[in-house]
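Contents: one structure, followed by commentary.
Predicted model, so just to flag it, every value in this text is computed and none were measured. All residue numbers in this chain count up from 1 along the given sequence. Start at 1 and go down the list; that is how both ligands and their atoms are numbered.
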Amino acid sequence: MYQIYQEINKQLNKALNAAFAKEALAAKKAGESLNPQLMPASKPDFGDFQVNGALTLAKKIKQPPRQIAELIVKQLQKSKEFNNLCYPPTIAGPGFINITIKNDCLSQELLRRLNDKQLGVPLVKSNDQTKEFKPIIVDFSSPNIAKEMHVGHLRSTIIGDSIARVLSFRGYQVLRLNHVGDWGTQFGMLITYLKLVIPEALTTPNLINIGDLVDFYRKAKKRFDEDEYFQKCSREEVVNLQQGKQESLKAWKLLCEQSRQEFQKIYDRLDIELCERGESFYNPFLMNVVKDLEKLGLLVEDEGAKCVFLEGIRGKEGKPLPLIIQKSDGGFNYATTDLAAIRYRLQCHPNGDGAERIIYVTDSGQSNHFSSVFQVAKRAQWIPKECKVEHVPFGLVQGEDGKKLKTRSGETVRLKELLDEAVERAKIDIEKRLHEESREETEDFIHNVSTTIGIGAVKYADLSQNRTTNYQFSFDRMLSLQGNTAPYLLYALVRIAGINRKGGNLDTTEKPLKFSQPGEWKLIRELLKFDEVILAVEEELLPNRLCSYLFELSQEFNRFYDQIPVLKAKEPERSSRLVLCQLTRDILKKGLGLLGISTLERM
Ligand code: ARG
């Protein structure tokens, strides 16, 4: 349950607690635990809040609930704070208390938010100045070197970025880590293969492009599976690399650099900031993971491999499943690196990041991996009790046919091409619109608008879905000007910004606000939900909640603007309504920004 209007809510709870305590005291039951159970009203007609606790209290002190509710209402009305905040409460049904916030308070809160950079969203730091803040790590994107960055990585990138933005906005220190797959057996194969077919590529930067690299990787893998001698060479190559042999390291660095450049192009287009810290970073710590698990008595030898048997997770024959920490050939696994990473990230400076929370954004296919890793880390007591590690899973990206997303010719979709197509389609839409409206715009304008819409649409379509479900990718749907889409919101924002421009500069400090229409109050109440929504996103890590809110807000705004004159109204109504336009604009802009979507002045 989330609170509406944070600040008002806090004050209200104080008054309620006092009233409840007094009633309990009167009934000589002061010791009872009393929760007023304040929550948003189930229907707008009932007011802003409802208080359900009178029923529970009545049961405890064995008195008629309605009577208790009446007594509590009387108590409330004796409180000056309460009367300043609310109209006289009403009682409904068996003893629910309905509460409506006074219009004056709502207007005041509105003004406060208009002049607040945070738009009413509290900063964590302001709660406690003395507390030292530890960073939150968001581990996202994390593609693999020499492999193509695919739509799954795109989802991770978009969702992870938005989560990181929301947390930063709340005032947390956020470390955005790109846990790139830059180590492992794939390099042995790749280097061996390149040595055979195009050795210059291992010493000359940019001789082959990433597309070729992916292709070489595929061929190398095939050869590895078929050819024993090739296998032997590849394994030797991995050993060379692990032992830090110059030539091998140089080749490895070159391959990484090449992939990195490609990834960076995508990040630049998506406006994503990431700190690359690939798997290779944790190499020096892998041996200690093994040693320390051994010391703790958690490690068991099974068919030559060192593993930890997992609790509560069983395989086919009911046997406990092992998490392999070190393979029989001495090599380490994906999970070993993640264990080393957890330790490093939670350990204090200078031996680690000293984080308090780690958020991993990957597809739900990795859920077992993370629950196993978390379990072993917990049993080894590598996760201090004040720290939290969470896997934030998401579903698959599907084509419109509900199957895995593919190009028309049946190949896997390349991200670059996917983004190009979104922008290209947005461009066609705009040119059509300009033509219909007989508008002339520069090439620059068209380029800028179509890029913003195209990229914004791809991001928004992804974020507006509950991430845990599979998501159907459809250019037509995401680029539509109707419905819960980026173009709809961007357009709403352009329109509101236009109204504000026409309205001229507002001096909100001098004139008192005046609202009288139900449509105004509805919009005001919607505007005041922004803080609640951000706090919900922070807790549940579900950006789609923010999307739904922004969509509802713009719809509420449209209803308001259709029914009620703004620019043509007289003072003080005109300025008051312009204040609503301005706050709607600020919240839409901020909200889209938190989704990583840039906005437009005109489109
Ligand atoms: N590289 C992995 C993949 O492509 C994702 C890594 C996620 N992060 C982590 N710490 N395991 O599937």
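- Contacts with ligand 1 closer than 4.0 Å are made by no heavy atom of Tyr282, backbone or side chain.
- Heavy-atom separations between Lys147 and ligand 1 are all 4.0 Å or longer.
- Contacts of Asn144 with ligand 1, taken as heavy-atom pairs under 4.0 Å, involve the side chain alone.
- Ligand 1 has a nitrogen or oxygen under 3.5 angstrom from a nitrogen or oxygen of Gln366.
- Here's the thing with Asp338: one of its N/O atoms is less than 3.5 angstrom from an N/O atom of ligand 1.
- Residues Tyr360 and Phe374 place their aromatic rings such that the two centres sit under 6.0 Å apart.
- Close contacts between ligand 1 and Asp139 involve ligand atoms 7 (C), 8 (N), 9 (C), 10 (N) [criterion: under 4.0 Å to a heavy atom].
- Checked options Ile137, Ile136, Ile358; the residue passing with Asp353 is Ile137 (criterion: side chain to side chain contact (heavy atoms under 4.5 Å, CB included)).
- Side-chain contact between Ser259 and Lys147 is absent, with no heavy atoms from C-beta onward closer than 4.5 Å.
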Quiz item: Step by step, would you call Phe140 with His153 a ring pair (Phe, Tyr, Trp, His ring centres under 6.0 Å)?
Solution: CA-CA 8 Å; Phe140 70 107; His153 295 122; over 10 Å; no
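- Just one of Gln398, Lys404, Lys403 meets the side chain to side chain contact (heavy atoms under 4.5 Å, CB included) condition when paired with Asp401; it is Lys403.
- Those atoms of ligand 1 with a heavy atom of Thr362 less than 4.0 angstrom away are 7 (C).
- Distances below 4.0 Å separate heavy atoms of Tyr360 from the following atoms of ligand 1: 10 (N).
- Among all non-hydrogen protein atoms, the one lying nearest atom 4 (O) of ligand 1 is His153 NE2, 2.8 Å.
- With a 4.0 Å heavy-atom cut-off, ligand 1 is reached by no atom of Val180.
- Checked against a 6.0 Å centroid threshold, the rings of Tyr193 and Tyr217 do not count as neighbours.
- On a distance-only criterion, Tyr334 and ligand 1 share at least one N/O pair closer than 3.5 Å.
- Side chain of His369 to main chain of Ser372: no donor-acceptor pair is present (N/O by atom type, distance under 3.5 Å, no hydrogens or angles).
- Taking each heavy atom of Leu463 and Ile159 in turn, the nearest pair found is CD2-CA, 3.8 Å.
- Ligand 1 has no N or O atom lying under 3.5 Å from any N or O atom of Arg345, backbone or side chain.
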